[in-house]
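Below, each value reflects all heavy atoms present in this structure, side chains not excepted, and no hydrogens, waters or symmetry copies. Throughout, residue positions are numbered sequentially from 1 according to the sequence presented.
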Amino acid sequence: MTFDSLGLAAPILQAVAATGYTEPTPVQARVIPEALAGRDLMVSAQTGSGKTAAFMLPALQRLTVPHAAHGRGPRVLVLVPTRELSAQVTKAAETYGRAIARLRTVSIVGGMPYPAQNRLLQMGVDILVATPGRLLDQMQSGRVDLARLEVLVLDEADRMLDMGFKDDLDAIVARVPASRQTLLFSATLDPAIVKLAGAMLREPSRIEMQTARTRHDHIEQRLHLADDQGHKNRLLDHLLRDTGVNQAIVFTATKRSADEVALDLHAKGFAAAALHGDMNQGARTRTLQALHRGRLRVLVATDVAARGIDVHGVSHVINYDLPRQAEDYVHRIGRTGRAGRSGTAISLVNAREHAQVRVIERFTAQAIPVTVIEGLEPRVRSFAKPAGPSRRPPGRSSGRPSGKPAGRSFRQGR
Ligand code: AMP
C-alpha cells in the first residue's frame, strides 16, 4: 500500500514524501481513510506505531481549505498528557504541514510562562496542542476560543485518565462545538476508555491494532534477578559497558533515585543525566536535546518525564525499578525499537518486585526470560512461587488471551 491510495491531498503527500516514509504503517492504513471520511474513531495503538501521523495527516487535510468562519481560534485541538508528547506532536504537525501555506501550530503546556503563551495565542492558531490543565486555565481566562474547532484528538487518552485529567477533559469537551470530529487514541481500549469514548464520541468506529509492533515482537525482553540495590548498580554498570548499547533510557521509580543513579553513572564515566518532573522546562529541554543529538548516552528517567520520547538511537531500555502499572512497562519499552528498528528491554528485578513481573507478563501476554551474567549471579537463584489458595496460577487467570504464554515458574534460565 502507498500513501497515494489513502485519499490525502497533494500538499500532505508532498510533506510525507519529504520525510522519506514509503508506505503507511498498519495504524495509518486503517485510520486515515476513515478519519478522512469524517468518522469519529477510537483507536488502540501503541506509541511507535506511527499513530501521530495517523491522526495528524487527516486533520491537516481540513486545513488545506480555508475555514468558512473568520477567527483566531484553532481548527484542530490535540490533547496530550505530557509536555514531551506535546513537543513531539507539535513537531509532527509542523513537519507534515510544511506544504500548507500560513499554517500555525501552537503548543500550550503547563510549566511554560504565561506571557509567552498568551502572545502565541493572540497571534492566531490553526493547530493547538495542549495538556488539559493549562488549556483549561487559558480557556477560563478567555484566551482560547474553540468555536471554530473541527477536529478534537485525544492522544494517549489512557494516560490522561491515569494522570487525573478526567475532569479537565470533561470541562474542555463541554465547550467545543458538537459538530466536531473526535479521534481518540489509547494504548488499550479498557472499560474506562470505552466509557470516556461513549461520552465524547459519536458512533465511533473502533480500530484495534494487534500487530507485531504492538506486541513488541521487535523488542527483545529479558530480566536479571538482583539481590539488592548494590547488585542492581553492578548489573547496570555491566550492561551499559556493552558496546552494543548505543543509547539507553534507564527507568527509576522516583525522581530522587533518578538523580542518584544518574550521578552514580556520571561518576563512573558514563555520559548520563537525569530527566524528571522536578527539573525546570529549560533543563528538561536541554537534556532531551542532548539525547537527540547523541551527546547523552544514558538518560535516567521517571515514567512521566520519559513519556513520548522518540529518539531513534535508543537501543536499550533498562528498568532499574519495575513500574507499578503494567501499562507503564509497555510505554517504557516502547522508547526503544523506534521507526522500524529493533530494541532491547532489560528489567532488574529484586524479590519485592517479583509479583509485578507476573502482572506485566499477563498484561503483555508475553513471558520475559530470566538471564544471568557470569560473575554477577544473584545469591538467590529463584524466587519462591506464590503460595496459598487465593493465588491463582497466572495461566488460569481470567482475561488472559488464549494461546499466549502462561506464567512460568520464576527460575533462572541456566
Ligand atoms: P509514533 O507512533 O507516532 O510516535 O511514531 C513513531 C515513529 O515512526 C516516529 O519516529 C515517526 O517519525 C515514524 N513514522 C511514522 N510513520 C511512519 C511511516 N509511515 N514510515 C516510517 N516511519 C514512520
Side-chain angles (χ1 to χ4, degrees), residues 25-27 43-51 156-159 161-162 185-194 207-225 248-251 253 301 303-304 306-309 314-338 340-350 352-371 383 385-386 391-411 413:
T25 65
V27 68
V43 184
S44 72
Q46 303 286 356
T47 158
S49 61
K51 67 180 169 67
E156 302 201 354
D158 50 340
R159 190 63 178 180
L161 291 188
D162 285 352
F185 284 74
S186 172
T188 56
L189 297 182
D190 59 32
I193 290 294
V194 174
I207 297 179
E208 286 183 81
M209 303 308 299
Q210 251 308 333
T211 62
R213 183 164 279 276
T214 59
R215 274 178 44 77
H216 292 292
D217 288 348
H218 62 304
I219 298 172
E220 184 207 332
Q221 299 175 58
R222 57 179 205 259
L223 68 83
H224 296 283
L225 305 185
I249 300 183
V250 176
F251 282 95
D303 284 296
V304 171
R307 187 89 183 171
I309 291 180
V314 174
S315 57
H316 286 65
V317 161
I318 301 178
N319 292 313
Y320 183 86
D321 301 307
L322 273 189
R324 273 181 285 267
Q325 306 283 335
E327 290 92 332
D328 287 334
Y329 177 85
V330 173
H331 284 294
R332 285 182 180 189
I333 71 172
R335 298 304 106 216
T336 180
R338 309 288 294 177
R341 291 170 170 80
S342 57
T344 304
I346 304 171
S347 298
L348 309 181
V349 179
N350 62 26
R352 262 183 296 121
E353 295 166 308
H354 163 212
Q356 186 58 10
V357 174
R358 289 169 189 278
V359 174
I360 290 166
E361 288 183 328
R362 231 176 267 152
F363 182 78
T364 60
Q366 279 174 308
I368 310 172
V370 183
T371 47
F383 294 129
K385 280 189 192 174
R391 303 252 195 159
R392 267 185 306 191
R396 267 183 250 146
S397 69
S398 59
R400 188 178 62 79
S402 59
K404 300 290 180 353
R408 47 160 177 66
S409 66
F410 206 77
R411 292 223 183 81

At their closest point, which heavy atom of [X] faces which heavy atom of [Y], and how far apart are they?
{"X": "L189", "Y": "S186", "value": "CD2-CB, 4.3 Å"}
{"X": "S44", "Y": "A187", "value": "CB-O, 3.8 Å"}
{"X": "R332", "Y": "P323", "value": "NH1-CD, 3.3 Å"}
{"X": "Q221", "Y": "P369", "value": "O-CD, 3.2 Å"}
{"X": "V27", "Y": "A45", "value": "CG2-CB, 3.9 Å"}

Does [X] reach the main-chain N or O of [Y] with its side chain, forming a donor-acceptor pair under 3.5 Å?
{"X": "R335", "Y": "V314", "answer": "no"}
{"X": "R358", "Y": "H354", "answer": "no"}
{"X": "H224", "Y": "T371", "answer": "yes"}

[atom2] on [Y] to [atom1] on [X], rounded to 0.5 Å:
{"X": "E327", "Y": "D303", "atom1": "CD", "atom2": "CG", "result": "11.0 Å"}
{"X": "L161", "Y": "E156", "atom1": "CG", "atom2": "CD", "result": "12.0 Å"}
{"X": "N319", "Y": "I249", "atom1": "CG", "atom2": "CD1", "result": "11.0 Å"}
{"X": "I360", "Y": "S347", "atom1": "CD1", "atom2": "OG", "result": "6.5 Å"}
{"X": "I333", "Y": "D328", "atom1": "CD1", "atom2": "CG", "result": "12.0 Å"}

_Worked check of side-chain contact (heavy atoms from CB on, under 4.5 Å) between K51 and V43_ = CA-CA 9 Å; K51 67 180 169 67; V43 184; over 6 Å; no

*Of all residues at least two apart in sequence or in a different chain, which pass the side chain to side chain donor-acceptor pair (under 3.5 Å) check with E220?*
R222

*Who pairs with R324 by side chain to side chain donor-acceptor pair (under 3.5 Å), at least two apart in sequence or on another chain?*
none

*Residues in ring pair (Phe, Tyr, Trp, His ring centres under 6.0 Å) with F185, at least two apart?*
F55

*Which one of I346, T336, V250 satisfies the side chain to side chain contact (heavy atoms under 4.5 Å, CB included) criterion with V317?*
T336

Excluding sequence neighbours, so at least two apart, what forms side-chain contact (heavy atoms from CB on, under 4.5 Å) with [X]?
{"X": "A248", "value": "L240, V245, H316"}
{"X": "D162", "value": "R159"}
{"X": "E353", "value": "K232, D321, L322, V349, N350"}

_Between S49 and M209, is there a side-chain heavy-atom distance shorter than 4.5 Å?_
no

